[in-house]
Amino acid sequence: MCHVCLIDTVSLRPDRTPRRQVIEHSWRRSAMSGVRPDDAVPERVHDIDSADPLLDAARPVLDDAAARLSDTDVSLLLVDHECRMVSRVAFGTSVERRLDAIGVAPGVPLGEDVVGTTALGTPAEIRGGVVVNSSEHYLEQLRSISCYGRPIIHPATRRLAGIICMSEIAERINPLAVPLVDGIVADIADRLLDRSRAHQRRVLDAFQRAAGRRDLAVAAIGDDLQLTNALAAELLSPTDIGALRVLATDPALRATTLPLTLVSGAEVEVAVEPVAGTRGAALFRFRPVVSPPSPPTPGVRVPSPTSIAVSGEPGTGRTTTARALAADAVPGVGPALLDVADELIAGRTPDVAAAVAGARSAGVPLIVDGVDLLDDRSLALLTRATVSAPTSSPLIVVSGPRAQATPAVAALLGRCATRVDPLPLRHRTSELAAIASGILADIDPDLTLSGSATDALLSQDWPGNFSELVAVLREAATACRTRMARVVETTDLPADHRTTSRAAHLSGREQAERAAIVDALERFGGNKVRAARDLGISRTTLYARIRALGIQAPGL
């Protein structure tokens, strides 16, 4: 859909609202996103390495356009599918100085939800070309420029690859901008298609060489292609494919073997091999993991007969784990529970001594949830109780992360015979797709996750862990049912959980480095000086790694 026929209409009504419906709707979306007309273009720069294939295809076309536009005072702007600036080519000093003053630079986000109506963000919303004359821009800062932008749709995938926009300092855009930009978009799309065909040939060749054995599940995944043999098709769900796509797009991917929990619950070993000569494509071979029948592997479900410490971040399932341990310790008997937070909220002082005595008298396990909220006297009583806890009434204490414990809480946790630390979701990447699918099945068994939605979920940091994941999936399920569908797509997720961030495409070493930095920042309450000292690096290095690894940290 193209609105260029409306180039010469008067931009605004007497009440300063847009005359054109396409602009009026865009202004409304901008306002609903919280953008204000007096806002400025954000200074924060995002990582745009993922846009390299788009830039590779566009660069020769932009170079050719530069030769034709060298004597004009216009600019060509290229953004990626997330409306982040990838390239800016200015052909005159006036427009270049104006863009510099506005802050339009590579990596800057220019979507409607950030800067309102523009010929860079609005085409992504309407999936068509649009003219935005000077006064039609939502931000006052942009109202000296007129633009025409058109989306670049990948011919093979039909997905949005980016947007090209021509801008000039004028009240209205020059009508000749429309055919020129349309031609540039067509040329870039042709180059993307040529690259896609070569990419597909390499992925197909690798798959055909590996899929000869019928006793081995094999899959090959590229940017716009996914192939499976019969065994892999039975084994993998769309959610699993989404998790594999995240692995395939790791720019530092090397041939390796990884454990993976599938949505079905099956444990497999995945041999991953990048497809030579491509970017973002990999070959996967799957083997089931057969656990030995004996002896049983120690883990969460093998409790101590006397005292157990369960510690971890909020939302990691600490209380659920504690209840499961209590059920294993004394089957068929419900545990006694002292929830310290509930007691304090109700204005009562938690009576640890009475709780311990009552549980032992009844011969049931005792769970004390929130021991890090207790006073020193109560902690001392609990520490003493861990020594004398009988097998018929084991003591299970639940606390926050061990690294953040006070000396008194650390002493209590250290005295317990068994210690269990549920991992936060950000450390359970290989299981997250299966976990999310299981939660979604509990919410609505008729719904499943699409590969793109799984990719988005795998890209999040999940500071709220399971509680946050459950809330996100409940909202997504509601949105999916509202549109009468059965597959949860990325658009069904809450807006702040839809973006596929740089974190999803880091190498294994970078993922470990990122986790260490996140943990240090959390441990020191966001204090970057103390976090840098703890990590043994300078503050400047820490800032650089935070930006490079896509860590959301206050003050950056």
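Values below: every heavy atom of this structure, side chains too, minus hydrogens, waters and symmetry copies.
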Visitor: Has the side chain of Ser307 got a donor or acceptor atom that lies under 3.5 Å from a matching backbone atom of Leu395?
Guide: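 Absent.
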
Visitor: List the steps, then state whether side chain to side chain contact (heavy atoms under 4.5 Å, CB included) holds for Val387 with Arg415.
Guide: CA-CA 8 Å; Val387 178; Arg415 292 291 292 272; 2.8 Å; yes

Visitor: What pairs meet the salt bridge (Lys or Arg N to Asp or Glu O under 4.0 Å) rule with one or both residues in residues 336-350, with sequence neighbours excluded?
Guide: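 The answer is Glu343-Arg348.
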
Visitor: Measure across Pro274 and Ala255 and return the closest heavy-atom pair with its distance rounded to 0.1 Å.
Guide: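 Shortest heavy-atom contact: CD-N, 3.8 Å.
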
Visitor: Do the non-hydrogen side-chain atoms of Leu374 and Pro350 ever get within less than 4.5 Å of each other?
Guide: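 Side-chain contact under 4.5 Å: yes.
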
Visitor: Donor-acceptor check, side chain of Asp328 to backbone of Leu325, threshold 3.5 angstrom: yes or no?
Guide: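 No; judged by distance alone, with no hydrogens or angles, the pair does not exist.
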
Visitor: If you define the side chain from C-beta out and look only at heavy atoms, does anything of Asp372 sit under 4.5 Å from Thr406?
Guide: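 No, too far: nothing below the 4.5 Å cut-off.
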
Visitor: Side chains of Asn465 and Thr316: any donor to acceptor distance under 3.5 Å?
Guide: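 No, because no side-chain N or O of Thr316 sits under 3.5 Å from a partner of the opposite role on Asn465.
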
Visitor: Does one side chain, of Glu475 or His497, offer a donor that lies under 3.5 Å from an acceptor on the other?
Guide: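 Not at all, the side chains of Glu475 and His497 share no donor-acceptor pair under 3.5 Å.
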
Visitor: Evaluate the criterion side chain to side chain contact (heavy atoms under 4.5 Å, CB included) for residue pair Ser237 and Leu262; output intermediate values, then yes/no.
Guide: CA-CA 8 Å; Ser237 72; Leu262 301 178; over 6 Å; no

Visitor: In terms of side-chain heavy atoms, does Ser450 have a donor or acceptor partner in Glu489 at a distance below 3.5 Å?
Guide: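 Looking only at side-chain atoms, Glu489 and Ser450 do form a donor-acceptor pair, the distance falling under 3.5 Å.
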
Visitor: Tell me the closest heavy-atom pair linking Ala476 and Leu493, and the distance in Å.
Guide: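 Nearest pair, atom of Ala476 first, then Leu493: CB-CD2, 3.8 Å.
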
Visitor: Count the heavy atoms of every other residue, nucleotide or ligand shown that sit under 6.0 Å from CZ of Arg402, and state whether that count exceeds 12.
Guide: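 Check passes, neighbour count above 12.
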
Visitor: Between Ser393 (side chain) and Pro390 (backbone), is there a donor-acceptor pair under 3.5 Å?
Guide: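 No; zero donor-acceptor contacts below 3.5 Å.
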
Visitor: So, Trp462 side chain and Ser467 main chain: donor-acceptor pair closer than 3.5 Å or not?
Guide: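 No; zero donor-acceptor contacts below 3.5 Å.
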
Visitor: Could you walk me through whether Val340 and Val371 satisfy the side chain to side chain contact (heavy atoms under 4.5 Å, CB included) test, starting with their C-alpha distance in whole Å, then the side-chain angles of each, then the deciding distance to 0.1 Å, before giving a yes or no?
Guide: CA-CA 7 Å; Val340 178; Val371 295; 5.5 Å; no

Visitor: Determine, stepwise, if the pair Ile517 / Leu521 fulfils side chain to side chain contact (heavy atoms under 4.5 Å, CB included).
Guide: CA-CA 6 Å; Ile517 291 175; Leu521 289 170; 4.0 Å; yes

Visitor: Enumerate donor-acceptor pairs with a distance under 3.5 Å from any side-chain N or O in residues 354-368 to protein atoms, sequence neighbours excluded.
Guide:
| from | atom 1 | to | atom 2 | distance (Å) |
| --- | --- | --- | --- | --- |
| Arg360 | NH1 | Ser388 | OG | 3.4 |
| Arg360 | NH2 | Ala385 | O | 3.0 |
| Arg360 | NH2 | Ser388 | OG | 3.3 |

Visitor: Please check: side-chain N/O of Arg318 versus main-chain N/O of Gly312, any donor-acceptor pairing under 3.5 Å?
Guide: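 Answer holds: yes.
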
Visitor: Please check if the side chain of Thr320 supplies one atom and the backbone of Gly317 the other of a donor-acceptor pair under 3.5 Å.
Guide: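 No.
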
Visitor: Are Phe207 and Val275 side-chain neighbours, meaning at least one heavy-atom pair lies under 4.5 Å?
Guide: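 SC-SC contact between Phe207 and Val275 ruled out.
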
Visitor: Taking NZ, NE, NH1 and NH2 as the nitrogens, is one of them in Glu269 or Arg287 under 4.0 Å from a carboxylate oxygen of the other?
Guide: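 No.
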
Visitor: Could you tell me whether a side-chain N or O of Asp113 sits under 3.5 Å from a main-chain N or O of Ser33, the two making a donor and an acceptor?
Guide: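 The answer is no, because no donor-acceptor pair under 3.5 Å joins these two groups.
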
Visitor: Side chains of Asp369 and Thr319: donor-acceptor distance under 3.5 Å anywhere?
Guide: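 Asp369 vs Thr319: donor-acceptor pair found between side chains.
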
Visitor: Using the salt bridge (Lys or Arg N to Asp or Glu O under 4.0 Å) definition, which of the options Arg483, Arg474, Arg481 pairs with Asp492?
Guide: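 Answer to the salt bridge (Lys or Arg N to Asp or Glu O under 4.0 Å) test with Asp492 among Arg483, Arg474, Arg481: Arg483.
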
Visitor: What I'd like to find out is whether the side chain of Leu204 reaches to under 4.5 Å of the side chain of Leu227, using heavy atoms alone.
Guide: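 Sidechains of Leu227 and Leu204: in contact.
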
